[in-house]
*Asks:* 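Please see the structure below; I have some questions.
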Amino acid sequence: MDQQHFFQRGLIAWYQPEDRPLPWKGIQDPYHIWLSEIILQQTRVEQGMNYYLRFVEAYPSIRDLAAAPDDEVMKLWEGLGYYSRARNLLAAARYVTTELGGVFPTTYTGILALKGVGAYTAAAIASFAFNLPHAVVDGNVFRVLARFFGISTPQDSTAGKKEFTQLAESLLQRDQPALYNQAIMDFGATVCLPRNPKCGQCPLRTECVALRDKRITELPVKSKKLIKTERFFHYLIFNYEGKVFIQKREEKDIWLHLYQFPVVEAARLDLDWGALKQALVDKGWIEEQAEIVPRPGSKSFQQLLTHQVINARFWEIDLPVLPAGVPTDWQLIPRTALSKYAFPKVIDRYLQDKGLYLELG
DNA sequence: AAACCGGGGGC
DNA sequence: GCCCCAGGTTT
C-alpha cells in the first residue's frame with residue numbers, strides 16, 4: 001500500500017502536461033476525444049496525428065461525420081490500417097446522431113456501447129471528457145505497472161487483464177481521473193519505454209521492482225505467439241479504352257471494404273502467363289480462346305501485416321474487347337479516377353510507382 | 001481462449 | 001527480423 005502511494009504521488013509530481021502537447025489533450029469535447037482515441041488504437045501518436053487533423057477539418061461535428069458517404073470516410077482512413085475502425089466510427093456517429101439526438105453518451109456504459117469502443121477507449125473518453133473515475137489500461141499502463149510492481153502475469157491472458165485492470169483502478173486518483181490517466185500514459189510513452197527505458201532519470205526508480213531485480217527487459221510478459229501465413233496475390237490491371245476494372249473487397253478477409261484490381265490468389269508468385277490465364281478461364285472471367293497477353297515486365301511488391309506476408313504481382317493487360325464473363329461487381333472506371341478510391345497499401349504503392357496518380361494533374 | 005484485423009518505426 | 005504502438009471484435 002505504501003508502494004502504491006509512492007507510485008501515485010511520484011507520477012503526479014513528475015507529470016507536466018505541457019511537456020507533450022497534443023491537439024486532443026486538455027480538451028473536453030467528447031466527439032474530438034472519441035475521434036482521437038479510435039484513431040490512436042494500436043497506432044503511434046505521430047502516425048495518427050495527421051489523420052486526426054484531417055478528420056476534424058473534414059467533419060467538424062459528429063453530425064457531419066454521420067452524413068458522410070462510406071467510401072469517403074474509407075478514403076480518408078486509407079493507409080492507417082485496421083479499417084474496421086473506420087466502419088465502426090461511422091456506424092457510431094450515425095447511431096449518436098439519429099438514435100441519441102446528436103448527444104454523445106455521458107456515462108461509461110453508454111460510451112462502451114458504441115461500436116469500436118472497448119474498455120480502454122470507454123475509460124479514456126469517460127475520464128477525459130466527463131472526468132469520470134475510470135482507469136485507462138493500454139499498452140503503456142500494462143508496461144508501467146508490470147515493471148514497477150514486478151508483475152509477470154501475461155498481459156494478454158484473461159487473468160492478466162483482470163489483475164492489471166484491478167490494480168489500475170486501485171491506483172486511480174479518483175479526484176482527478178483525467179489528470180492521472182494522462183500522466184500514466186505520458187509516463188509510459190516518454191520514460192518507461194518498451195525498449196531502452198530511461199531508468200536513469202526515472203522518478204520512480206527507487207521503488208521499481210523490475211529495476212531492483214534487473215527484470216526490466218523481461219517485463220511486461222506476453223504469452224501469445226504470432227503465426228504468420230504467406231499469401232500470393234496476382235492483380236490484373238485490365239485496361240480498356242483508358243479505363244480499368246476495380247472491385248470492392250466484400251469477403252471476410254483482410255482489407256474488407258477496400259477496393260482492388262481483380263485478383264487471383266495462388267500458391268506462389270512465379271506463375272507463368274499460361275498458368276495464370278488458365279486460372280482466369282477457370283473463374284469464368286475470360287474465354288479459353290481469348291487472345292490476351294500481358295505487357296512485359298510485371299512488377300512485384302511485398303506488404304507485411306501482423307499475421308500475414310502479402311506478396312503481390314501486378315499484370316497489366318490491354319483488352320481489345322470486353323471479356324464475356326465480367327462479374328457484376330467489377331467497376332470500369334477511368335484511370336484518372338483511381339485516386340478517389342481507398343486501396344490497400346500494396347496497391348497504393350504500385351500506383352505511386354507507376355505514377356498513375358500524376359495523370360490527375 | 002485464441003485468432004484476426006494494418007501500417008509504420010525503432011533497433 | 002522482431003517488437004510495439006492511446007485495442008477491439010469475432011469465433
*Asks:* Ignoring backbone atoms, establish whether Lys345(A) has a side-chain N or O less than 4.0 Å from OP1 or OP2 of dG8(B).
*Replies:*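 For dG8(B), OP1 or OP2 has a side-chain N or O of Lys345(A) closer than 4.0 Å.
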*Asks:* Of all of residues 22-42 of chain A, which get a heavy atom below 4.0 angstrom from DNA chain B, listed by number?
*Replies:* Gln42(A)
*Asks:* Can the ring centres of Tyr350(A) and Tyr235(A) be said to be less than 6.0 Å apart?
*Replies:* no
*Asks:* Contact class for Gln155(A) (heavy atom, under 4.0 Å): base, sugar-phosphate, or nothing?
*Replies:*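 Answer is nothing: Gln155(A) stays at 4.0 Å or more from every strand.
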*Asks:* What integer distance in Å separates Lys252(A):NZ from dC4(B):C1'?
*Replies:* 8 Å
*Asks:* Students often get this wrong, so: under 4.0 angstrom with heavy atoms, is Gln308(A) touching a base, only sugar-phosphate, or nothing?
*Replies:*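 Gln308(A): backbone/sugar contact only, no base atoms under 4.0 Å.
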*Asks:* Indicate, with a heavy-atom threshold strictly under 4.0 Å, whether Gly79(A) touches base, sugar-phosphate, or nothing.
*Replies:* sugar-phosphate
*Asks:* Round to a whole Å and report the spacing from CG of Leu193(A) to P of dC4(C).
*Replies:*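 Atom-to-atom, Leu193(A) to dC4(C), this comes out as 13 Å.
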*Asks:* Let me know the distance between CG of Asn196(A) and P of dG10(B), rounded to the nearest Å.
*Replies:*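 Asn196(A) atom CG is separated from dG10(B) atom P by 13 Å.
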*Asks:* Look at Lys248(A) together with Asp70(A) and state whether they make a salt bridge at an N to O cut-off of under 4.0 Å.
*Replies:*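 No, Lys248(A) and Asp70(A) are not salt-bridged.
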*Asks:* Between the base of dC3(C) and the side chain of Arg195(A), is there a donor and acceptor pair under 3.5 angstrom?
*Replies:* yes
*Asks:* Measure CG/Leu219(A) against P/dC3(C) and give the value in whole Å, please.
*Replies:* 16 Å
*Asks:* Run the ring-centre check on Trp330(A) versus Phe238(A) and record whether the distance is less than 6.0 Å.
*Replies:*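 So the answer is yes for these two rings.
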*Asks:* Considering only the P atoms, how many Å lie between dG8(C) and dG9(B), rounded to the nearest integer?
*Replies:* 23 Å
*Asks:* Examine Phe142(A) together with Phe164(A) and report whether their ring centres are nearer than 6.0 Å.
*Replies:* yes
*Asks:* Answer whether the closest heavy-atom distance between the side chains of Leu236(A) and Phe245(A) falls below 4.5 Å.
*Replies:* no
*Asks:* Do the side chain of Arg44(A) and the base of dC4(C) come within less than 3.5 angstrom through a donor-acceptor pair of N or O atoms?
*Replies:* yes
*Asks:* So what does Ser84(A) touch, heavy atoms closer than 4.0 Å: a base, only the sugar-phosphate, or nothing?
*Replies:* nothing
*Asks:* Within this structure, what is the CZ-to-C1' distance between Arg87(A) and dT10(C), rounded to whole angstrom?
*Replies:*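 Interatomic distance, CZ of Arg87(A) to C1' of dT10(C): 16 Å.
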*Asks:* Please list residues of residues 105-142 of chain A whose heavy atoms come under 4.0 Å from any atom in DNA chain B, ordered by number; otherwise none.
*Replies:*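 None - not one residue of the stretch has a heavy atom sitting under 4.0 Å from the strand.
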*Asks:* If you find the nucleotide of DNA chain B closest to Asp253(A) and the one closest to Arg349(A), which residue's nucleotide is nearer the 5' end?
*Replies:* Asp253(A)
*Asks:* Whole Å only: how far is the CD atom of Gln47(A) from the C1' atom of dG8(B)?
*Replies:* 5 Å
*Asks:* Salt bridge or not between Lys75(A) and Glu78(A)? Use side-chain N to carboxylate O under 4.0 Å.
*Replies:* yes
*Asks:* Quick check against the 3.5 Å criterion: does Asn181(A) have a side-chain atom that pairs as donor or acceptor with the backbone of Val136(A)?
*Replies:*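 Such a contact is found between Asn181(A) side chain and Val136(A) backbone.
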*Asks:* Give me the distance, rounded to whole Å, that separates dA3(B) from dA6(C) when you measure between the C1' atoms they each carry.
*Replies:*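 That atom pair is separated by 23 Å.
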*Asks:* Okay, side chain of Arg205(A), backbone of Leu211(A): is any donor-acceptor separation there less than 3.5 Å?
*Replies:*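 Pair absent, no side-chain N/O of Arg205(A) close to backbone of Leu211(A).
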*Asks:* Please report the distance, rounded to the nearest Å, between CD1 in Ile184(A) and C1' in dA6(C).
*Replies:* 12 Å
*Asks:* Expected output check: what is the dot-bracket annotation of DNA chain B, where ( ) and [ ] are pairs inside the strand (brackets for crossing ones), | is paired with another strand, and pairs are Watson-Crick or G-U under 3.5 Å?
*Replies:* |||||.|||||
*Asks:* To the nearest Å, give me how far apart CZ (Phe164(A)) and C1' (dG7(C)) are.
*Replies:* 16 Å
*Asks:* For the side chain of Lys222(A), starting at C-beta, report the closest nucleotide among dT11(C), dC5(C), dC5(B).
*Replies:* dC5(C)
*Asks:* Hey, is CZ on Arg54(A) packed in by over 12 heavy atoms from elsewhere, all under 6.0 Å?
*Replies:*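 Atom CZ in Arg54(A) is crowded, with more than 12 foreign heavy atoms closer than 6.0 Å.
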*Asks:* Mind checking the C1' distance from dT9(C) to dG8(B)? Whole angstroms is fine.
*Replies:*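 Roughly 23 Å separates the two C1' atoms.
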*Asks:* Would you please indicate yes or no on a ring centroid separation below 6.0 angstrom for Phe314(A) and Phe301(A)?
*Replies:* yes
*Asks:* When you measure from the side chain of Asp186(A) to the backbone of Ala183(A), do you find a donor-acceptor pair of N or O atoms at a distance under 3.5 Å?
*Replies:*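 Between the backbone of Ala183(A) and the side chain of Asp186(A) there is no qualifying donor-acceptor contact (under 3.5 Å).
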*Asks:* Name the orientation class of the two ring planes belonging to His134(A) and Tyr108(A) (parallel below 30°, tilted from 30 to 60°, perpendicular beyond 60°).
*Replies:*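 His134(A) vs Tyr108(A) ring planes: parallel.
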*Asks:* Is there a side-chain contact between Leu53(A) and Asn50(A), using heavy atoms and a 4.5 Å cut-off?
*Replies:* yes
*Asks:* Relative to the 5' end of DNA chain B, which residue comes earlier, Leu258(A) or Asp156(A), by the nucleotide with the nearest heavy atom?
*Replies:* Asp156(A)
